[in-house]
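See structure below.
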Amino acid sequence: MCSIRDLKEQFSNGTLSPVAHTKTVLSSIKKANEKLNAVSWFRSEDEILKDALQSEQRYKEGKPLGTFDGIPVTVKDIESNACAGIPLKNGSMMTALHRTPTESALHIEILQRQGAIIICQTTSPELGFKATTSTKLNGVTLNPRDTTLTSGGSSGGAAAIAASVGCLNLGSDGGGSIRIPAACCGVVGFKPSYGIGIKASFPYTAHTGPICQSSEDAIDYMREMVNGHDWDNLSQPDMKFLRQSFSNVSEFNSASCSKAVEGLRVAVAPTILGGEVDSRVWDSVQLAASVFKNMGATVTEIQPPLSHLRSDFTLAFGDIWKCLMLSEMKKVPESDKDNMDPLLKRLYKRGTNLSAAEVINSQIVRDKVRSIMTSLMSDYDLILSPTLLSLPPKAFKFDSREELINFRQGGMTSVTSIFNISHQPACSVPCSPVGNIPVGLHIAGGLYNDALVLKAAKAFQQKTESSSKL
């Protein structure tokens, strides 16, 4: 699959038409969905092709609307990715959570203003609350690399389509929900610094971002996000810094990205919170670290920086999510709660018993984490680690004992969730697989150093060519 930049060039010179490309992508998504169960809703083909025909006419007239004119896009079925006219169910059977938005979320509106073509809505677990994608509403979403494995979650449908088809897919991330499925499916998943692509009204762990086959597409997405809106969670100095860091397109070409890695101070850790890591996963990440060293970075292996907070953080992050689910359930009548995912019901019920002291403690732990990570980033430019501490688990049946055990262990979010709390930019990029099973390299940078993280991701992908297509 061509990158967004390649597609735009072909649309402009007439060697490929938006209509022909859209038809190919739509057909490919439908074919992949038959095997993977990754799509919850399709727009009508007539509507899709009408958008593509209008885009084609603009290119013929030499007047494309922007970077994303004619580019097929999928959106996750979650509130933060609301899209005007597309029925939103939040992966839930609870009808109180169903609505058809009259306005698109701001990051989607930016893409639509530029002529992006919305194809479909991808699957999500109920309210995006778990790291696998299975629901009573849609069933289980499978991994295109190995259909016996989970696609991850909660943006599992987006990652499955990204790996199968290669178009731009929009996910959300409240604890790793972009990066976890990207690692499971062997694609790129980027969580921006907090505040980019999300309204101030959304919880402070919530982020939106792209899942795609190449870091280059994530770069193009981020450039339009930082230039397309003054995000209300960010100060003017922060917005100015972000815009400047993405403004020079030449700084993101192949040679410049490799050059950007030279001299960087790069830390590599087997985990962030401590705990066991699969030796095969760690071997793959260490090999990736050696690639950074060969590109001229100073690479230092460090001990898990938050190991002393492991128990405290696990409890605090769980309490934060209990509070979030408690807030969501206020809009749901008691009779509708019978349709709730049993695992979500457990989380919600525990939230009803939270004390004020527990809520305050979660904020104290949050502040400790931010302080430690800020201090760490004064010594290093990037932190490398595994995205997941183990290989992707099996694709468990919805509401099965195996799914319950996996949920209770909570290990799938042990790395990624840290960076939701610290608000730092982070990207999962494919590194050396174990057989045919993907392994994700997690690259994190300092707050608002999104451009540096993506340059490093692109340079690494170019050196390893590990993002192979199916």
Side-chain angles (χ1 to χ4, degrees), residues 78-80 89-97 124-137 150 152-156 172-177 180 201-207 273-275 306 309-369 389 393 396-422:
I78 200 76
E79 186 66 38
S80 56
K89 293 187 175 181
N90 287 293
S92 180
M93 293 285 287
M94 293 184 284
T95 56
L97 299 179
S124 167
E126 196 162 42
L127 292 171
F129 86 100
K130 60 188 177 185
T132 54
T133 302
S134 64
T135 62
K136 188 176 180 180
L137 178 68
T150 181
S154 61
S155 307
S172 64
D173 193 316
S177 291
I180 290 168
S201 58
F202 278 92
Y204 59 75
T205 62
H207 302 69
L273 278 175
L306 296 174
L309 287 178
R310 184 181 176 190
S311 296
D312 290 345
F313 179 83
T314 302
L315 283 172
F317 192 70
D319 288 346
I320 288 168
W321 265 86
K322 289 169 192 171
C323 290
L324 296 178
M325 292 304 102
L326 193 61
S327 175
E328 288 290 339
M329 288 305 114
K330 286 181 179 178
K331 66 185 79 166
V332 180
E334 287 300 319
S335 59
D336 210 5
K337 289 174 185 173
D338 292 339
N339 292 315
M340 196 187 307
D341 183 318
L343 292 179
L344 179 58
K345 187 176 287 188
R346 288 169 182 260
L347 199 66
Y348 160 66
K349 286 186 174 180
R350 288 173 183 172
T352 62
N353 295 319
L354 274 178
S355 68
E358 288 171 313
V359 174
I360 292 170
N361 181 66
S362 71
Q363 310 308 305
I364 292 171
V365 173
R366 176 197 67 181
D367 292 344
K368 285 181 180 178
V369 167
L389 302 186
F396 303 122
K397 291 182 179 179
F398 174 73
D399 195 24
S400 65
R401 175 174 172 76
E402 292 82 5
E403 184 181 53
L404 172 60
I405 292 170
N406 183 67
F407 181 75
R408 280 178 170 171
Q409 289 172 339
M412 293 182 77
T413 62
S414 65
V415 170
T416 54
S417 57
I418 294 296
F419 299 93
N420 291 82
I421 295 300
S422 69

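Note: hydrogens, waters and symmetry copies are ignored here, and every other heavy atom, side chains too, is used.
- Aromatic ring centroids of Phe407 and Phe129 lie under 6.0 Å apart.
- Side-chain contact between Leu137 and Lys89: present, with at least one pair of heavy atoms (C-beta onward) separated by less than 4.5 Å.
- We find the OG-CG distance between Ser134 and Leu343 to be 7.5 Å, quoted to the nearest 0.5 Å.
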Just do the side chain to side chain contact (heavy atoms under 4.5 Å, CB included) check on Thr133 and Ser124 with the steps written out, would you? CA-CA 6 Å; Thr133 302; Ser124 167; 5.5 Å; no
Could you please spell out the steps behind the side chain to side chain contact (heavy atoms under 4.5 Å, CB included) verdict for Lys337 and Met329? CA-CA 8 Å; Lys337 289 174 185 173; Met329 288 305 114; 4.1 Å; yes
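- Leu324 places a side-chain heavy atom less than 4.5 Å from the side chain of Thr205.
- Taking all atoms of both residues into account, the shortest heavy-atom contact from Gly174 to Trp321 is O-NE1, 3.4 Å.
- Shown here for Lys322 and Gly351, the closest heavy-atom pair between the two residues is CB-CA, 3.7 Å.
- Put simply, the side chain of Ser362 never gets that close to the backbone of Ala316: no donor and acceptor are under 3.5 Å apart.
- Atom CG of Leu326 is separated from atom CG of Leu354 by 7.5 Å, given to the nearest 0.5 angstrom.
- Taken to the nearest 0.5 Å, the CG atom of Leu347 stands 10.5 Å off from the OG1 atom of Thr352.
- Considering only heavy atoms from C-beta on, Tyr204 comes within 4.5 Å of Ile320 through its side chain.
- From Asp319, atom CG reaches atom CG of Asn361 across 7.5 Å, with rounding to the nearest 0.5 Å.
- Residue-environment remark: CZ (Arg350) stays at or below the threshold of 12 foreign heavy atoms within 6.0 Å.
- A heavy-atom distance below 4.5 Å is found between the side chains of Cys323 and Val359.
- At least one cation-pi condition fails for Arg401 and Phe396: the charged atom is not both under 6.0 angstrom from the six-membered ring centre and inside a 45 degree cone around its axis.
- To the nearest 0.5 Å, atom CG of residue Leu306 and atom NZ of residue Lys368 are 11.5 Å apart.
- Side-chain atoms of Met94 and Asp338, non-hydrogen and from C-beta on, never get closer than 4.5 Å to each other.
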Test side chain to side chain donor-acceptor pair (under 3.5 Å) on Asp336 and Thr95 and set out the steps. CA-CA 7 Å; Asp336 210 5; Thr95 56; 3.3 Å; yes
Dump the intermediate steps for side chain to side chain contact (heavy atoms under 4.5 Å, CB included) on Lys136 and Met340, then the final yes or no. CA-CA 9 Å; Lys136 188 176 180 180; Met340 196 187 307; over 6 Å; no
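- One N or O on the side chain of Glu358 and one on the backbone of Ser355 form a donor-acceptor pair closer than 3.5 Å.
- For the atom pair CG (Asp312) and CD1 (Ile364), the distance works out to 10.5 Å, reported to the nearest 0.5 Å.
- Within a 6.0 Å sphere centred on NZ of Lys345, heavy atoms belonging to other residues, nucleotides or ligands number more than 12.
- Between the side chain of Thr413 and the backbone N or O of Thr416 there is no donor-acceptor pair closer than 3.5 Å.
- Residues His207 and Ser177 have side chains not in contact (no heavy-atom distance under 4.5 Å, counting atoms from C-beta outward).
- Salt bridge present: Lys130 and Asp341 bring a charged side-chain N and a carboxylate O closer than 4.0 Å.
- The two residues Gly175 and Phe317 come nearest to each other via the heavy atoms CA-CZ, 3.8 Å.
- With contacts defined as side-chain heavy-atom distances shorter than 4.5 Å, the pair Phe313/Ser414 does not qualify.
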Apply side chain to side chain contact (heavy atoms under 4.5 Å, CB included) to Thr132 and Glu403, showing your working. CA-CA 9 Å; Thr132 54; Glu403 184 181 53; 4.0 Å; yes
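- Between the side chains of Glu126 and Ser92, a donor-acceptor pair is found at a separation under 3.5 Å.
- Listed for the Asn90 side chain is no donor-acceptor partner under 3.5 Å among the backbone atoms of Leu127.
- Here the closest heavy-atom approach between residue Gly275 and residue Arg310 is recorded as CA-NH1, 3.4 Å.
- Contact record, Ser154 with Pro125: O-CD, 3.1 Å, taken as the closest heavy-atom pair.
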